[in-house]
Number of protein chains: 2
Amino acid sequence: MAGHVTYREVKATILDRIKGGAWPPGALLPSEVELAAEFGTARATVSRAMRDLVEDGLVERKRKAGTRVRKMPLRQARLDIPLVRVEVEDQGAVYRYALVASHVGAAPDWLRARMGLPGGGEVRHILCMHFADGQPYQFEDRWISLDSAPDARAADFTAEGPNEWLVRQVPYSNVEISFSATAADAEQAQHLGCALGDALFRVERQTSWDGRELTFVRLTYHRGYRMTARY
Amino acid sequence: MAGHVTYREVKATILDRIKGGAWPPGALLPSEVELAAEFGTARATVSRAMRDLVEDGLVERKRKAGTRVRKMPLRQARLDIPLVRVEVEDQGAVYRYALVASHVGAAPDWLRARMGLPGGGEVRHILCMHFADGQPYQFEDRWISLDSAPDARAADFTAEGPNEWLVRQVPYSNVEISFSATAADAEQAQHLGCALGDALFRVERQTSWDGRELTFVRLTYHRGYRMTARY
DNA sequence: CAGTGGTCTAGACCACAGA
DNA sequence: CTGTGGTCTAGACCACTGA
């Protein structure tokens, strides 16, 4: 025996047939049983390959209906969301963090509405900067609900950013993230070293844990920042 | 017998233990064999659950070293990249497309460098607009290599956008995508109905197929556009 | 070397949805 | 009803890598 046929080989073969046009968009593929017979593998191996192809957005599967090549390939980009520090260090630059301001108070109305906080909820508001090789990299404007994370009231954010602190506190969370463009206001322009009104890339992220809203953060990047992915 | 224990149940149980702090970040989990014994399942079932957890970025696995809870949860957002038409229609709005300009010519130097095209390569350059309920939604500035896609020379883009045409031609492709913010230039401001210099969200996408560079597109969105994902 | 995850097999039963 | 994918089992061998 020359060894088993792997699911990777099966996947590659199927992929080649789709790429090559042998199975055009919309086409019905043979059943798992038929493919297993053709490739000389167990059905589970074909199934494993197919699961990958579904995940890659290339085929659709329905019970009884079978497997079809997607007409409009539903492609999805996977964006890694690292800590700023890791992102900077991965570029080979020296990372530096600086706390700008921090205070505790009642949540403003817009934040209560946005995060769905109860009335009278207290929050800790933190402004801080992240630098790469001494250049402004990211301006962070964060609100942490003290109802959900009471330990944040006394946490020390002078040496370490709130993100790194939070990651240690909460091992798992649900996140809604959004990307947009914004014109630099006076505060952002000052900290990021750009002109008022410059177009800046902005990420807003709201994190909940165990069904409770935990933190809302607005990250504004230096002029010219790009976020890149492949798929 | 009350039936089998499913891999989803195994996954949920492990997830609960991680969330609950029973297995804190960095902790070593029991081996698959031990977990299979505990849950009363086959090892393959535990393995299936673990594969999901790896994909979700919650644990790391190494042969011989075992499975550990990730210290810094490497979270990744999955961004769906639909056709503009689908994106607009999914919002319940009426989609409209309009061709602005199109011509064939030699690729400019910056594009040749960016796409890695050979000297003397011809490209088709297309400018077009996408509307939602009559409002400007996206301005598309696309270049298609005629070396890679000769059929694009004669294709008719008056009724249908080049993206939909390309998707039909090429069932599979490799994509590099990047997101950034840009200040509206005169042309963008005119077509998107905003002021000169307004901060706009921009997507740049370069697509290759079968190892050849196929198309480069710059998509500029209307003022206030957000791209959102959950993870 | 030995323990861990990675994969394949052959078989089985089930859930769903098309005909 | 019947064919399809979805999953689980019990067992086996392999590949990598830490001790």
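Predicted, not measured: the structure shown is a model, and the values here were computed from it. Numbers restart at 1 for each chain; the letters A, B, ... are given by sequence-line order, proteins then strands.
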Distance below 4.0 Å between A/Thr67 side-chain N/O and D/dT4 OP1 or OP2:
no
Give the nucleotide from the list D/dT2, D/dG5, D/dG18 with an atom nearest to the side chain of A/Lys64.
D/dT2
Once salt bridge (Lys or Arg N to Asp or Glu O under 4.0 Å) is applied, do any residues pair with A/Arg205, and if so which ones, sequence neighbours excluded?
none
Determine the interplanar angle of the A/His222 and A/Tyr225 rings, folded into 0 to 90°, and report it as parallel if under 30°, tilted if 30 to 60°, perpendicular if over 60°.
perpendicular
Expected string for nucleotides 6-11 of chain C under the B/S/- scheme (protein heavy atoms, under 4.0 Å, primed atoms plus P, OP1, OP2 as sugar-phosphate) is BBSB--
Looking at residues at least two apart in the chain, or sitting in another chain, which of them share a side-chain hydrogen bond (donor to acceptor under 3.5 Å, both in side chains) with B/Thr45?
none
Those residues of residues 9-19 of chain A lying under 4.0 Å from DNA chain C by at least one heavy atom
none
Using the side-chain contact (heavy atoms from CB on, under 4.5 Å) criterion, which residues pair with A/Arg96? Sequence neighbours excluded.
A/Ala98, A/Phe131
Suppose the criterion is salt bridge (Lys or Arg N to Asp or Glu O under 4.0 Å): which pairs have a residue in residues 145-164 of chain B, not counting sequence neighbours?
B/Arg85-B/Glu164, B/Glu122-B/Arg153, B/Glu160-B/Arg168
Suppose we screen for salt bridge (Lys or Arg N to Asp or Glu O under 4.0 Å). Which residues come up paired with B/Asp210, at least two apart in sequence or across chains?
none
Could you check how far CG of A/Leu28 sits from C1' of C/dA17, rounded to whole Å?
15 Å
Rounding to a whole Å, what distance do you find between A/Arg68:CZ and D/dG5:C1'?
14 Å
Considering residues at least two apart in sequence or located in another chain, which fulfil the salt bridge (Lys or Arg N to Asp or Glu O under 4.0 Å) criterion with A/Asp141?
none
side-chain contact (heavy atoms from CB on, under 4.5 Å) filter on B/Val167, not counting sequence neighbours, yields A/Pro73, B/Leu83, B/Asn163
To the nearest 10 degrees, what angle separates the axes at the start and end of the helix from C/dC1-D/dG18 to C/dG18-D/dC1, five pairs each?
10°
Check side-chain hydrogen bond (donor to acceptor under 3.5 Å, both in side chains) between A/Arg51 and all other residues, then give those that pass, not counting sequence neighbours.
none
A/Asp16 meets the side-chain contact (heavy atoms from CB on, under 4.5 Å) criterion, sequence neighbours left out, with none
